[in-house]
Amino acid sequence: MIIVNYVVAVLLLVLGLYAVCTQKNLIKVVLGLGIIDYGINLLIVSVGFNDGGTAPIYTMSDLLNGVASSFFVDPVPQALTLTSIVIGACVDAMALALVIMIYRKYKTINSDEVRRIRG
């Protein structure tokens, strides 16, 4: 099951990179960046996953009975992914705001036409 997560993460990365490299519409480029972000988040969560692992929460009875060495899921990748989701949402909002500003100035969102105008 975990192999499927890695395959989907790589597919999302490739799809997002393809959109960023081939699209001329700036909104599609921003969406491609978001797809890359989703692929990276899935990859980070998949790296921290342990099949059959439990939540890393200790209770007093676990500590007293010596069960503290159980098989846990790593919480650090989950925390990093949560932070990455928030940062990715802010970056997407800022990029879309820049696209709006480019549209207001140049009356187009085609990257080739924006490069040609230079004025």
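In terms of heavy atoms, Ile27 sits closest to Val99 at CG1-CG1, 3.9 Å. Nearest heavy atoms, Phe49 versus Ile2: CD2-CD1, 3.5 Å. When all heavy atoms of Ala19 and Gly32 are compared, the closest pair comes out as CB-CA, 3.9 Å. Nearest heavy atoms, Tyr103 versus Thr108: CD1-N, 3.6 Å. Of all heavy-atom pairs between Gly39 and Ala9, the closest is O-CB, 3.6 Å. When all heavy atoms are compared, the tightest approach of Gln23 to Val29 is O-CG2, 3.7 Å.
If you check the side chains of Asn41 and Ser84, you find a donor sitting under 3.5 Å from an acceptor.
Of the possible donor and acceptor atoms, none in the side chain of Thr81 sits under 3.5 Å from a partner among the backbone N and O of Ile44.
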Check against side chain to side chain contact (heavy atoms under 4.5 Å, CB included), Leu33 and Val20: CA-CA 7 Å; Leu33 290 173; Val20 168; 3.8 Å; yes

Verdict with reasoning, Leu11 to Val7, per side chain to side chain contact (heavy atoms under 4.5 Å, CB included): CA-CA 6 Å; Leu11 286 175; Val7 170; 4.1 Å; yes

Val47/Tyr6 under side chain to side chain contact (heavy atoms under 4.5 Å, CB included): CA gap, chis, key distance, verdict: CA-CA 9 Å; Val47 166; Tyr6 290 122; 4.2 Å; yes

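Taken to the nearest 0.5 Å, the CG atom of Leu31 stands 8.0 Å off from the CG atom of Asp92. Rounded to the nearest 0.5 Å, atoms CG (Leu42) and CG (Leu13) are 9.0 Å apart. Here CD1 of Ile3 is found 10.0 Å from OG of Ser46. Values are rounded to the nearest 0.5 Å. Put simply, CG on Asp112 and CG on Asn25 are 11.5 Å apart, with the number rounded to the nearest 0.5 Å. Met101 contributes atom CE, which lies 13.5 Å from atom CG of Leu96 (distance to the nearest 0.5 angstrom). Atoms CD1 and CD1, on Ile40 and Ile35 in that order, are 12.5 Å from each other to the nearest 0.5 Å.
Ile102 and Ile109 fall within a single hydrophobic cluster, where Ile, Leu, Val, Met, Phe, Trp and Tyr side chains are chained together by heavy-atom contacts under 4.5 Å. Leu26 and Val30 fall within the same hydrophobic cluster, where Ile, Leu, Val, Met, Phe, Trp and Tyr residues are linked whenever their side-chain heavy atoms come under 4.5 Å apart, directly or through other members.
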